Amino acid sequence: QVQLVESGGGLVQAGGSLRLSCAASGRTLSTVTIGWFRQAPGKEREFVAANSWSGGNPNYADSVKGRFTISRSNADNTVYLQMNSLKPEDTAVYYCAARGGSRLRVGATEYEYWGQGTQVTVSS
């Protein structure tokens with residue numbers, strides 16, 4: 001019902017910036033929540049950020065608060081993750097996910113739809 005496609009990943013030096021995009025298709029009403037997760041090799045998938053599709057107060061993981069920003073384009077079908085002051089520890093495959101409902105959830109199991117992921121590599 002909801003298709004998600006991430007893009008914008010790449011290789012960047014520490015201290016640099018990247019902007020990830022999550023293009024959504026299908027039914028994406030105001031009750032839909034979009035979340036960003038990441039998974040590094042050999043590590044568990046972890047929550048990064050989330051917000052409702054209609055916009056509101058986002059929720060950020062402590063590890064990225066103040067550096068990452070989740071936002072929505074005026075087209076209302078793409079969610080962005082602006083990543084500034086990147087660190088090598090941010091290296092991971094980044095996924096966007098969607099779930100029904102407006103409540104922001106941090107657990108990956110709460111999200112029904114997932115994109116294919118985009119690789120972010122931060123070098124020292």
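If you're wondering where the values come from, they're calculated on a predicted model, not measured in any experiment.
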Sorted by first residue and then second, give each salt bridge (Lys or Arg N to Asp or Glu O under 4.0 Å) pair with at least one member in residues 8-24; sequence neighbours left out. none
In terms of hydrophobic clusters joined by side-chain contacts under 4.5 Å, are L104 and Y95 together? no
Separation between CG of N59 and NZ of K65, rounded to the nearest 0.5 Å: 9.0 Å
Backbone N/O of S63 and side chain of R67: donor-acceptor pair under 3.5 Å: yes
Show me the pairs that pass salt bridge (Lys or Arg N to Asp or Glu O under 4.0 Å) and involve residues 41-54, at least two apart or across chains. R38-E46
Show the numbers, then the answer: is there a side chain to side chain contact (heavy atoms under 4.5 Å, CB included) between V48 and L81? CA-CA 10 Å; V48 176; L81 184 68; 4.2 Å; yes
So, taking the atom named CG in N84 and the one named CG in L18, what distance separates them when rounded to the nearest 0.5 Å? 9.5 Å
Are the side chains of L86 and F68 in touch, meaning some heavy atoms are under 4.5 Å apart? yes
Distance-minimising heavy-atom pair for S85 and D90: O-OD2, 4.5 Å
Pairs flagged by disulfide (SG to SG under 2.5 Å) wherever residues 42-73 is involved - sequence neighbours left out: none
Which residues pass the side chain to side chain contact (heavy atoms under 4.5 Å, CB included) test with T69, not counting sequence neighbours? Y60, Q82
Just verifying a value: how many Å separate T33 OG1 and R105 CZ, rounded to the nearest 0.5 Å? 8.5 Å
If you round to the nearest 0.5 Å, how far is OH of Y94 from SG of C22? 14.5 Å
Tell me, please, which residues at least two apart from F37 pass ring pair (Phe, Tyr, Trp, His ring centres under 6.0 Å). F47, Y111, W114
Pairwise distance CG(L20) to OG1(T78) - rounded to 0.5 angstrom: 12.5 Å
With no hydrogens and no angle check, is any side-chain donor or acceptor of R99 less than 3.5 Å from a backbone partner on R103? yes
In Å, rounded to the nearest 0.5 Å, how long is the span from OH of Y80 to OG of S21? 5.0 Å
Is a side-chain N or O of S102 found less than 3.5 angstrom from the main chain of S52, in a donor-acceptor match? no
Without placing hydrogens or testing angles, list every side-chain donor-acceptor pair under 3.5 Å for residues 4-14, not counting sequence neighbours.
{"from": "E6", "atom 1": "OE1", "to": "Q116", "atom 2": "N", "distance (Å)": "2.8"}
{"from": "E6", "atom 1": "OE1", "to": "G117", "atom 2": "N", "distance (Å)": "2.9"}
{"from": "E6", "atom 1": "OE2", "to": "C96", "atom 2": "N", "distance (Å)": "2.8"}
{"from": "E6", "atom 1": "OE2", "to": "G117", "atom 2": "N", "distance (Å)": "3.3"}

